[in-house]
Amino acid sequence: MRIGYARVSTQDQNPDLQLDALKKASCEEIFQEKFSGKSSARPELENCLRMLRKGDVLVVWRLDRLGRSLKDLVEIVSALEDRGVGFQSLTENIDTVSAGGKLVFHIFSALAEFEHSLIRERTMAGLAAARARWRKGGRKPSMSKADVRKAAAMLKDPQMTKGPGKNRLPQFCNRIDCDKP
């Protein structure tokens, strides 16, 4: 049995392209959901994986529709292989039912891992070069050092927020742009 899985990342995106491709690929059942790939909670994928039996083939439109990361993708496909379930990606033309398809999948996986390592190395080199020029990455602090000291003092001594006849905490929170005192 050929079972399809389609995923779009946001509610605004339309899965029709994926669904049409999966129907054209003769999928008898198609699971679809609208979740970010970063989200670990993908109930339709879990339902789809539970439904697959030995001899079935899981079909996706593109590799990135299935896994959150390369590691996740390789783990899912390896678990499918252990259960005797094939995997097919239509866009990349990968079909792990054949030996050549398995080879192509692992080559793609290795290349993606290599690319990830290169990006990480370039990022680390860029950060090191910035540090050498006394630059620091990241977002600017939302509170000044003086405001941080005042907030820490207020946490240590709750009486500090109460002056004679008034509560200074709401004023301080307004000043540092926090939602609630």
Side-chain angles (χ1 to χ4, degrees), residues 4-19 21-22 31-49 52 57-83 85-96 98-152 155 173 175-180:
Y5 174 71
R7 179 183 60 80
V8 290
S9 301
T10 66
Q11 295 297 326
D12 298 337
Q13 292 178 331
N14 190 329
D16 289 345
L17 176 66
Q18 294 179 52
L19 296 174
L22 293 171
F31 292 83
Q32 65 172 318
E33 62 192 341
K34 293 185 179 190
F35 271 102
S36 167
K38 301 265 184 213
S39 173
S40 60
R42 293 178 287 168
E44 287 301 309
L45 176 60
E46 291 169 17
N47 291 337
C48 177
L49 294 175
L52 291 163
V57 177
L58 174 61
V59 183
V60 295
W61 178 62
R62 273 184 30 187
L63 286 173
D64 66 350
R65 301 294 85 199
L66 181 63
R68 295 187 314 267
S69 65
L70 174 67
K71 182 181 177 209
D72 187 40
L73 181 64
V74 170
E75 286 174 1
I76 291 170
V77 173
S78 295
L80 292 173
E81 190 175 327
D82 291 345
R83 293 172 45 199
V85 175
F87 171 73
Q88 183 180 12
S89 174
L90 301 174
T91 305
E92 291 87 2
N93 203 19
I94 295 173
D95 187 351
T96 64
S98 69
K102 286 179 189 174
L103 174 65
V104 170
F105 175 76
H106 288 291
I107 289 172
F108 269 50
S109 298
L111 289 172
E113 184 69 34
F114 177 67
E115 179 186 25
H116 177 73
S117 296
L118 287 178
I119 291 169
R120 183 173 165 76
E121 285 176 15
R122 284 194 302 261
T123 301
M124 298 307 274
L127 289 171
R131 277 193 297 274
R133 290 192 297 290
W134 297 98
R135 291 186 156 171
K136 193 168 89 173
R139 197 167 74 175
K140 299 255 187 264
S142 60
M143 292 173 57
S144 69
K145 289 182 181 181
D147 286 340
V148 170
R149 281 194 302 275
K150 286 178 190 173
L155 285 171
C173 286
R175 184 166 166 237
I176 63 168
D177 195 29
C178 68
D179 293 337
K180 297 178 190 171

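- Panel note: side chain E33, backbone L45; a donor-acceptor pair is recorded below 3.5 Å.
- Among all heavy-atom pairs drawn from L66 and R42, the shortest one is O-NH1, 2.7 Å.
- In this structure, F105 and E92 have side chains that are not in contact, with every pair of non-hydrogen atoms separated by 4.5 Å or more.
- Side-chain contact between L73 and D64: absent, with no pair of heavy atoms (C-beta onward) separated by less than 4.5 Å.
- Side chains of L52 and R83 form a contact here, defined as non-hydrogen atoms less than 4.5 Å apart.
- Across all their heavy atoms, Y5 and E44 have their closest contact at CE1-C, 4.2 Å.
- Annotation: the span from I94 atom CD1 to L63 atom CG amounts to 4.5 Å, rounded to 0.5 Å.
- Side-chain atoms of Q18 come within 3.5 Å of backbone N or O of R7 as a donor-acceptor pair.
- Side chains of L22 and L90 form a contact here, defined as non-hydrogen atoms less than 4.5 Å apart.
- In terms of modelled atom types and a separation under 3.5 Å, the side chain of R65 and the main chain of A6 share no donor-acceptor contact.
- Contact between G4 and C48 at its shortest, heavy atoms only, is O-SG, 4.3 Å.
- At most 12 non-hydrogen atoms from other residues, nucleotides or ligands lie less than 6.0 angstrom from CG of N93.
- When all heavy atoms of W61 and A21 are compared, the pair lying nearest together is CD1-CB, 3.6 Å.
- K102 NZ to H106 NE2: the interatomic distance, rounded to the nearest 0.5 Å, is 8.0 Å.
- R135 places no side-chain N or O within 3.5 Å of a backbone atom of A129 that could act as its donor or acceptor partner.
- Annotation: side chain of N14 is not in contact with side chain of V8 (no heavy-atom distance under 4.5 Å).
- Scanning both residues, G101 and S98, for their nearest heavy atoms gives N-OG, 3.0 Å.
- Within 6.0 Å of atom CD in E75, more than 12 heavy atoms from other residues, nucleotides or ligands are found, so the atom counts as buried in its surroundings.
- In this structure, the side chains of T96 and E81 stay at 4.5 Å or more apart for every pair of heavy atoms.
- The CG atom of L127 lies 6.5 Å from the OG1 atom of T123; values are rounded to the nearest 0.5 Å.
- Here the side chains of D95 and V104 are not in contact, with every heavy-atom distance at 4.5 Å or above.
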